[in-house]
Amino acid sequence: ERDYMENHVPIAARLPGLVRLGTIRVSDGWQGAAPEHYRIVEAEFESREALEASFSTPEFAAMRADRQRLTETYRVSNRAELGELVLADLDPPGD
């Protein structure tokens, strides 16, 4: 945990175009089930184009190299998926 939070997260936080980075250490599965993941990371970029542009930067190369280090050191796996955040309207209709 310390290695990840003190070393890897600051490296990832330097990605160009990144506007928000959050990590969730999963403690419980849904309704008492075993958790499916150890950690979930949400990284929000200015745009999809900004994300894709970051792939060819030295900062991204440094993050990937450190991710590989973590994978080899701690025998963990990693995968990434892309999507678009859609926020729900929490105001009831008619207010």
For this session: Kindly say whether Leu70 contributes a backbone atom to a donor-acceptor pair with the side chain of Thr73 at under 3.5 angstrom?
Result: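 No, because the side chain of Thr73 does not come within donor-acceptor range (under 3.5 Å) of the backbone of Leu70.
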For this session: Decide side-chain contact (heavy atoms from CB on, under 4.5 Å) for Tyr4 and Val76; before the verdict, give the C-alpha distance in whole Å, the side-chain angles of both, and the deciding distance to 0.1 Å.
Result: CA-CA 12 Å; Tyr4 180 80; Val76 295; over 6 Å; no
Are [X] and [Y] grouped together when hydrophobic residues (ILVMFWY) are joined by side-chain heavy atoms under 4.5 angstrom apart?
| X | Y | result |
| --- | --- | --- |
| Leu15 | Val19 | no |
| Leu82 | Val41 | yes |
| Leu85 | Leu51 | no |

Apply side-chain hydrogen bond (donor to acceptor under 3.5 Å, both in side chains) to [X] and list each qualifying residue two or more places apart in sequence or on a separate chain.
| X | answer |
| --- | --- |
| Glu44 | Arg20 |
| Glu72 | Gln68 |
| Asn7 | Asp3 |
| Arg48 | Glu52 |

Residues 25-37 side chain polar contacts: donor-acceptor under 3.5 Å, at least two apart:
residue	atom	partner	partner atom	Å
Arg25	NE	Tyr38	OH	3.2

Between atom [atom1] of [X] and atom [atom2] of [Y], what is the distance when rounded to the nearest 0.5 Å?
| X | Y | atom1 | atom2 | answer |
| --- | --- | --- | --- | --- |
| Glu6 | Glu1 | CD | CD | 10.5 Å |
| Glu42 | Thr23 | CD | OG1 | 10.0 Å |
| Leu18 | Met63 | CG | CE | 9.5 Å |

Exercise. Mind checking what makes ring pair (Phe, Tyr, Trp, His ring centres under 6.0 Å) contact with Phe45, not counting sequence neighbours?
Worked result: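 Phe45: no ring pair (Phe, Tyr, Trp, His ring centres under 6.0 Å) contacts found.
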Determine the minimum heavy-atom distance between [X] and [Y], stating which atoms define it.
| X | Y | value |
| --- | --- | --- |
| Ser54 | Pro16 | CB-O, 3.7 Å |
| Arg69 | Asp66 | NE-OD1, 2.7 Å |
| Leu21 | Ala12 | CD2-CB, 4.1 Å |

Exercise. What residues form a side-chain contact (heavy atoms from CB on, under 4.5 Å) with Arg64, not counting sequence neighbours?
Worked result: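 If we apply the side-chain contact (heavy atoms from CB on, under 4.5 Å) test to Arg64, skipping adjacent residues, the hits are Phe60, Arg67.
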Exercise. What pairs with Ser77 under side-chain contact (heavy atoms from CB on, under 4.5 Å), at least two apart in sequence or on another chain?
Worked result: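 For Ser77 there are no side-chain contact (heavy atoms from CB on, under 4.5 Å) partners, ignoring immediate neighbours.
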Exercise. Quick one: salt bridge (Lys or Arg N to Asp or Glu O under 4.0 Å) pairs with a partner in residues 73-89, sequence neighbours left out?
Worked result: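 Qualifying pairs: none.
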